[in-house]
Enquirer: 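Attaching a single structure in structure tokens format; questions to follow.
Just so you know, ligand 1 is whichever comes first in the structure, and atom 1 is the first atom listed for that ligand. Computed from a predicted structure; not experimentally measured.
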Amino acid sequence: MRRFAFVLSLALVPVMSGSLQAADADQGKIIAERWCNSCHVVSDTQRKGSDATPSFATIADRAGFDADKLAFFLLDPHPIMPNFALSRAEAANLSAYIATFKRR
Ligand code: HEC
């Protein structure tokens with residue numbers, strides 16, 4: 001019985017660490033540079049995106065910016081945006097990346 005409990009606890013480690021894993025801004029940057037930079041300015045080095053879109057820095061600097069809310073928003077793409085069907089992890093990583101631009 002003890003042995004069973006030990007094996008069970010080992011089996012649960014990946015499940016638990018997966019759900020506790022913090023959002024990864026570096027991964028978010030990779031997604032942003034692949035999927036978002038045709039329209040949004042997604043980094044300090046990018047010169048130009050579409051004039052119709054706010055840069056990630058602008059989004060992050062708004063009063064009331066909330067990374068969790070943004071991740072939720074990204075799961076359900078804006079109609080004008082192409083349908084990316086981001087996973088929860090990707091949306092969380094992207095919003096963590098966008099949050100790195102917050103200045104206040
Ligand atoms: C085809 C162009 C296009 C692409 C690609 C695109 N967006 Fe957008 N996005 C827009 C436009 C246009 C708006 C403004 C919509 C509006 O204000 O009505 C917008 C709005 C947003 C907003 C809301 C901004 C606000 O004013 O609150 C966020 C956040 C956002 N985009 C994030 C992303 C992310 C993250 C990606 C990459 C996964 C992405 N977008 C890719 C065109 C795009």
Enquirer: Heavy atoms only: which of Cys36, Ala91, Cys39 is nearest to atom 2 (C) of ligand 1?
Expert: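 The nearest heavy atom belongs to Cys39.
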Enquirer: Taking the side chain as everything from C-beta on, heavy atoms only, tell me whether Ser43 gets closer than 4.5 Å to Tyr97.
Expert: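 Yes, their side chains come closer than 4.5 Å.
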Enquirer: Pull out every atom of ligand 1 sitting under 4.0 Å from any heavy atom of Phe56, numbered as shown with elements.
Expert: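 Listed by number with element, the hits are 34 (C), 35 (C).
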Enquirer: Could you tell me which atoms of ligand 1, counted from 1 in the order shown, lie closer than 4.0 angstrom to a heavy atom of Leu94?
Expert: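 Numbered from 1, ligand 1 contributes 35 (C), 38 (C).
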Enquirer: Can you list the atoms of ligand 1 that are under 4.0 Å from a heavy atom of Pro54?
Expert: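 Atoms satisfying the 4.0 Å criterion: 24 (C), 26 (O).
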Enquirer: Would a distance-only check, ignoring hydrogens and angles, find a side-chain to backbone donor-acceptor pair under 3.5 Å from Asn93 to Asp24?
Expert: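 Yes.
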Enquirer: Would you please determine whether Ala32 falls within less than 4.0 Å of ligand 1 on a heavy-atom basis?
Expert: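 Not so, Ala32 does not reach ligand 1.
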Enquirer: In ligand 1, which numbered atoms sit nearer than 4.0 Å to a non-hydrogen atom of Thr53?
Expert: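 Those atoms are 10 (C), 11 (C), 12 (C), 42 (C).
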Enquirer: I'd like to check Phe101 versus Ile59 (side-chain heavy atoms, cut-off strictly below 4.5 Å). Are they in contact?
Expert: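 They are not in contact (no side-chain heavy atoms under 4.5 Å apart), so the answer is no.
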Enquirer: Are any of the N/O atoms on His40, whether in the backbone or the side chain, positioned under 3.5 angstrom from an N/O atom of ligand 1?
Expert: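 Yes; at least one N/O pair falls below 3.5 Å.
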Enquirer: List every atom of ligand 1 that sits less than 4.0 Å from any heavy atom of Ile59, numbering the atoms from 1 in the order shown and giving each element.
Expert: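 Reading through ligand 1 atom by atom, the close ones are 24 (C), 28 (C), 29 (C).
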Enquirer: Considering only heavy atoms of Ser38, which atoms of ligand 1 have at least one such atom less than 4.0 Å away?
Expert: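 Per the distance check, 5 (C).
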Enquirer: Give the minimum heavy-atom separation between Leu74 and Ser95, together with the two atoms involved.
Expert: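 Closest approach of Leu74 to Ser95: CD1-N, 4.3 Å.
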Enquirer: Give the single entry among Arg34, Glu90, Arg62 that approaches atom 26 (O) of ligand 1 most closely by any heavy atom.
Expert: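 The nearest heavy atom belongs to Arg62.
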Enquirer: Counting each atom of ligand 1 from 1 as listed, which ones have a heavy atom of Leu74 under 4.0 Å away?
Expert: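 Near Leu74, the atoms of ligand 1 are 32 (C), 35 (C).
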Enquirer: Quick one: are Arg34 and Ile30 in side-chain contact, heavy atoms under 4.5 Å?
Expert: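 Yes; the side chains approach each other to less than 4.5 Å.
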Enquirer: Does the plane of the ring in His40 sit parallel, tilted or perpendicular to the ring in Phe56? Use 30° and 60° as the thresholds.
Expert: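 Correct class here is tilted.
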Enquirer: Which atoms form the tightest heavy-atom contact between Ala60 and Lys102, and what is the distance?
Expert: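 Heavy atoms only, the tightest pair is O-CG, 3.4 Å.
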Enquirer: If you compare all heavy atoms of Lys48 against all heavy atoms of Val41, which two are closest, and at what distance to 0.1 Å?
Expert: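 Reported closest heavy-atom pair: C-CG2, 3.9 Å.
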Enquirer: With a cut-off of 4.0 Å, which atoms of ligand 1 are near a heavy atom of Leu70?
Expert: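 Listed by number with element: 29 (C).
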